[in-house]
Amino acid sequence: MQPSRTIGFAAFVTLFVTVSLFLAVRSTVVFSASPTSAQTPEDPRQAQAEQLYQQGIKQYQQGQLEAAIESWQKALPIYQQLQNRQRTRAVVGTLGATYLMLGDSQKAIEFSEQFLTLAKEMGDRSSIGQALGNLGMAYKGIGEYVKAIEFHQEALAIMRELKNRQGEGRVLGNLGSAFEGLGDYEKAIASYQESLTISREINDRLGEGTALGKLGAMYANLGEYDKALESYKESLSVVQAIGDALGEGYTLRNLGIAQQVQGDLTQAIESFTKALSIAQDIGDRKLEAETLGSLGLAYEDKRDFSQAIEHQQQSLAITQAIGDRRLEGVALNNLGHALFNSGNLKEAENKLRDAVKVLESLRPGLTDANNVSIFDTQVLTYNLLQQILIAQDKFEAALEISEQGRARAFVELLAKRLSPEAALESAKSKPPTIEQIQEIAKTQQATLVEYSIVPDEAFKVQGKLRGEPSELLIWVVQPTGKVTFRRVDLKFLRQSQKQAADNALTALDELVNTSRILQGPRLRRGEAARKQLHQLLIEPIAEFLPTHPEARVIFIPQESLFLLPFAALQNASGQYLIEKHTILTAPAIQVLDLTHQQRQRLETQYKEPLQGKEVLVVGNPTMPTLKFGETVEQLTPLPGSEEEANAIASLLNTKPLIGNQATKVNIVQQLPKMRVVHLATHGLLDDIKELGVPGAIALAPSENDDGFLTAGEILNLKLNAELVVLSGCHTGQGKITGDGVLGLSRSLITSGVPSAIVSLWAVPDTATALLMTEFYRQLALNTDKAQALRSAMLTTMKQYPQPINWAAFTLIGEASGSG
């Protein structure tokens with residue numbers, strides 16, 4: 001098995017200058033402007049300070065950065081004693097910028113904050129913008145990306161206010177780097193492209209070379225290596241022409257990475273070696289650390305493990321010395337990878353555990369969206385640690401890491417919502433130990449099945465760190481607490497599946513997509529895929545699954561497996577999995593523990609039997625309009641959902657909201673008071689209001705309201721419903737991330753709902769009405785929601801045999817409860 005690793009394409013650290021004291025040297029950071037005194041200072045202390053200050057400038061110009069800092073550090077207290085605010089401002093700004101060049105982000109923050117305070121006191125907008133830009137870069141250096149983005153956005157506003165086009169272009173480049181650090185590649189690319197446009201408009205060759213290099217890195221991240229090489233070579237031509245040594249070093253390193261990915265190790269090592277020489281010549285420790293890491297990976301590809309380990313150790317030492325936590329995590333990951341391949345499993349495990357600690361230190365304080373984005377850039381470290389543990393037969397420890405490497409942002413957000421008064425502690429929600437996992441299985445009275453997909457090699461494809469699946473890891477935790485483990489080889493899939501036109505898809509993705517072909521001329525292909533997936537996912541663990549069909553099986557998928565209709569998987573004889581088992585899903589085992597806590601909270605709150613006034617049923621609302629390309633159209637009415645709502649409302653002794661009564665405004669007001677919510681209407685996949693979470697439910701519009709209840713809006717509600725059913729199309733889909741699926745189901749669970757039923761595709765109106773009505777009939781007889789859903793599927797299957805009619809819906813969260 002070839003383990004995964006992080007090769008990491010470099011983002012250029014492009015820093016900018018608006019007024020520089022050091023015109024002979026490449027302007028990499030924002031140095032403060034200061035007036036030159038024309039008269040001879042009368043105070044001897046002033047003369048002494050000026051001498052030290054000018055000495056520091058000369059030392060800087062000669063590349064003696066540490067000596068320059070020492071001179072300025074001696075000048076600073078003298079200027080402060082003399083209350084010379086202009087020179088004090090100049091010195092602290094210059095010190096902050098120089099520490100930034102040396103990679104000492106903490107010192108850079110210390111002096112840049114002083115620079116910002118003095119600039120604000122003096123009302124100098126240009127200096128304020130410079131200070132904000134430097135603070136943005138410094139905070140990115142310690143992995144605090146949200147703060148970095150905030151500072152860069154403030155700096156950008158000032159540059160635009162001052163009509164400083166060069167400064168605007170440079171800030172945009174740095175803002176893109178911060179977005180890239182968070183894994184928000186779309187915003188990163190947009191910032192880089194805008195920076196390139198401005199640089200070309202004003203003939204800023206330095207900015208142009210830098211932006212080209214950054215865009216090259218993004219092309220590499222997207223797997224477009226030919227375009228990446230073209231951008232790198234164009235960038236290299238520019239930076240060499242203007243004598244930009246730092247830019248040349250970064251471009252060479254990135255060029256080497258692209259060459260390595262394409263298999264040209266000789267050229268890659270040559271490019272890395274040149275980049276390393278430049279980094280050491282100019283004293284750029286960050287570039288030196290990154291390039292040493294790249295060389296280590298190249299030597300590992302050559303199977304020269306002693307050289308690989310030595311280079312990664314050197315890289316790690318530098319990242320720790322300069323305090324760059326993100327780079328330290330990468331260095332630890334890659335050192336662990338080299339140790340793993342060399343056969344030193346114990347030391348590899350130690351390094352990967354250290355890497356996980358470092359990565360987790362970068363996440364506290366992030367917003368949920370940013371937590372999800374950054375976690376997407378970290379998942380391979382958890383995956384590699386799983387492989388190292390499995391190589392040592394530590395299967396239970398590997399399950400703990402599998403849990404630790406999934407749905408962390410979801411878990412932390414859900415834990416905070418459950419206990420707002422303990423927000424600080426819940427933000428540090430620890431992943432479950434094996435003993436806690438076993439206890440969750442017992443509490444759920446269910447068999448838990450967790451899947452982990454192992455990529456063969458880690459490349460960034462369409463903005464995600466992914467590789468072609470080589471293996472599937474499967475853990476089964478029985479209600480008794482017994483844990484078993486199986487592994488399934490997936491390498492054959494690429495040969496058996498046709499190459500996808502979209503290179504973001506892996507062979508496993510293609511197989512899952514094919515399994516979702518549920519009607520039409522390709523129906524047999526869909527059936528064949530569902531049988532093959534049953535063979536891969538179910539048969540290896542069949543002996544550990546319960547024999548009683550009403551015993552619960554909870555699947556914990558990963559990546560594209562979230563889109564899989566587990567109920568419709570078929571064995572060799574054509575029998576569907578739902579005929580043998582009662583099925584639920586969850587994004588992580590720990591989420592099951594938290595939804596169980598939600599159910600317990602509601603059981604304390606609701607002690608009386610369910611009343612009709614506590615039930616909200618919506619069907620076929622007057623449909624809102626949505627823009628499709630250049631046209632605006634009203635969504636199609638759903639008469640079947642109206643019949644469904646009337647039948648269900650009758651069963652639950654309430655009156656449904658139909659047509660114009662089913663306004664979003666009315667429904668949002670009622671939602672927090674309801675114990676059971678059933679919404680039979682259209683579901684949409686898109687993030688139509690750009691709130692950062694895809695998915696929306698179509699409700700009736702009203703004055704000043706468009707009628708769409710989005711996943712982002714649901715996320716901000718506090719619901720008390722024991723059960724929410726979204727009887728519409730695609731309500732269980734969304735954006736698949738390392739944290740699970742971002743969409744309506746995640747928003748519902750987070751807002752306080754322990755049990756949600758959602759759909760995986762566009763469901764047919766008539767069959768869905770039958771299935772949902774039968775579900776509530778069964779629920780009245782048996783409060784186990786999973787068993788009720790299974791019975792409804794089996795009943796619907798008799799009248800509508802094809803899986804498109806009955807297999808779309810999945811229960812997420814709790815099966816038990818009075819709902």
Side-chain angles (χ1 to χ4, degrees), residues 1-11 212-213 215-236 249-277 290-312 315 330 333-342 380 383-384 387 454-471 489-495 497-508:
M1 174 181 65
Q2 177 67 27
S4 57
R5 62 180 176 180
T6 304
I7 61 177
F9 295 100
L212 283 165
L215 283 170
M218 291 309 302
Y219 287 134
N221 290 345
L222 296 171
E224 300 176 16
Y225 300 112
D226 289 336
K227 291 176 75 173
L229 285 169
E230 183 180 338
S231 288
Y232 290 148
K233 288 174 182 176
E234 194 175 351
S235 173
L236 191 60
Y250 271 105
T251 304
L252 283 166
R253 177 185 174 247
N254 282 350
L255 180 62
I257 291 172
Q259 290 164 336
Q260 180 184 355
V261 170
Q262 293 195 320
D264 193 344
L265 287 178
T266 301
Q267 278 296 120
I269 290 174
E270 183 179 331
S271 296
F272 293 146
T273 303
K274 289 178 182 177
L276 181 61
S277 178
E290 291 180 320
T291 308
L292 283 164
S294 296
L295 273 167
L297 291 172
Y299 281 118
E300 189 177 344
D301 279 355
K302 292 187 72 174
R303 314 302 291 175
D304 187 343
F305 297 120
S306 61
Q307 282 272 33
I309 292 168
E310 181 182 342
H311 281 83
Q312 298 296 0
S315 175
V330 171
N333 179 93
N334 290 342
L335 177 55
H337 190 280
L339 289 163
F340 183 20
N341 267 345
S342 73
L380 284 177
N383 197 292
L384 176 56
Q387 296 170 64
V454 177
D456 54 3
E457 275 300 325
F459 300 112
K460 287 184 177 179
V461 181
Q462 295 293 343
K464 290 184 70 177
L465 279 165
R466 304 185 64 190
E468 190 60 42
S470 67
E471 192 171 29
D489 189 350
L490 298 178
K491 296 186 187 73
F492 73 94
L493 276 181
R494 175 47 69 188
Q495 286 74 42
Q497 294 288 116
K498 291 182 179 179
Q499 178 70 37
D502 181 353
N503 68 358
L505 293 178
T506 69
L508 184 60

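Heads up: numbering here begins at 1 and tracks the sequence.
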Decide yes or no for Leu295 and Gln307: does some side-chain heavy atom of the first lie under 4.5 Å from some side-chain heavy atom of the second? no

Expected output: side-chain Arg253 to main-chain Glu290 donor-acceptor under 3.5 Å: yes

On a heavy-atom basis, which atom in Ser231 and which in Gly216 lie closest, and how many Å separate them? CB-CA, 3.6 Å

Shortest non-hydrogen pair, Ala220 vs Ala228, comes out as N-CB, 3.7 Å

Between Tyr232 and Ala217, what is the shortest heavy-atom contact and its length? OH-CA, 3.0 Å

Show the nearest heavy-atom pair for residues Asp304 and Ser306, with the distance to one decimal. OD1-OG, 3.2 Å

Might you work through the side-chain contact (heavy atoms from CB on, under 4.5 Å) test for Leu215 and Lys227, ending with a clear yes or no? CA-CA 9 Å; Leu215 283 170; Lys227 291 176 75 173; over 6 Å; no

Within the structure provided, determine whether Thr273 and Ile269 are in side-chain contact (heavy-atom separation under 4.5 Å). yes

For Leu297 against Gln312, the heavy-atom pair lying closest together: N-NE2, 3.5 Å

Decide if atom CD of Glu230 counts as having more than 12 heavy atoms of other residues, nucleotides or ligands within a radius under 6.0 Å. no

The reported gap from CG in Leu255 to CD in Glu270 (rounded to nearest 0.5 angstrom) is 10.0 Å

To the nearest 0.5 Å, what is the distance between CG on Leu252 and OG on Ser235? 9.5 Å

Glu310 versus Tyr299: any side-chain heavy-atom pair under 4.5 Å? no

Check: Asn333 main-chain N/O paired with His337 side-chain donor or acceptor under 3.5 Å: no

So Asn334 and Glu300, do their side chains get closer than 4.5 Å, heavy atoms only? no

Indicate the atoms forming the closest heavy-atom contact of Gly296 with Ala308, along with that distance. O-CB, 3.3 Å

May I ask you to decide if Leu265's main-chain N or O and Gln260's side chain share a donor-acceptor pair within less than 3.5 Å? no

Taking side chain as C-beta onward, heavy atoms only, is Gln259 less than 4.5 Å from Leu229? yes

Answer yes if the side chains of Asp264 and Thr266 hold a donor-acceptor pair under 3.5 Å, and no otherwise. no

Could you check if a side-chain atom of Leu292 sits within less than 4.5 angstrom of a side-chain atom of Phe272, using non-hydrogen atoms only? no

Quick check for you: to the nearest 0.5 Å, what is the distance between Lys233 atom NZ and Leu212 atom CG? 14.5 Å

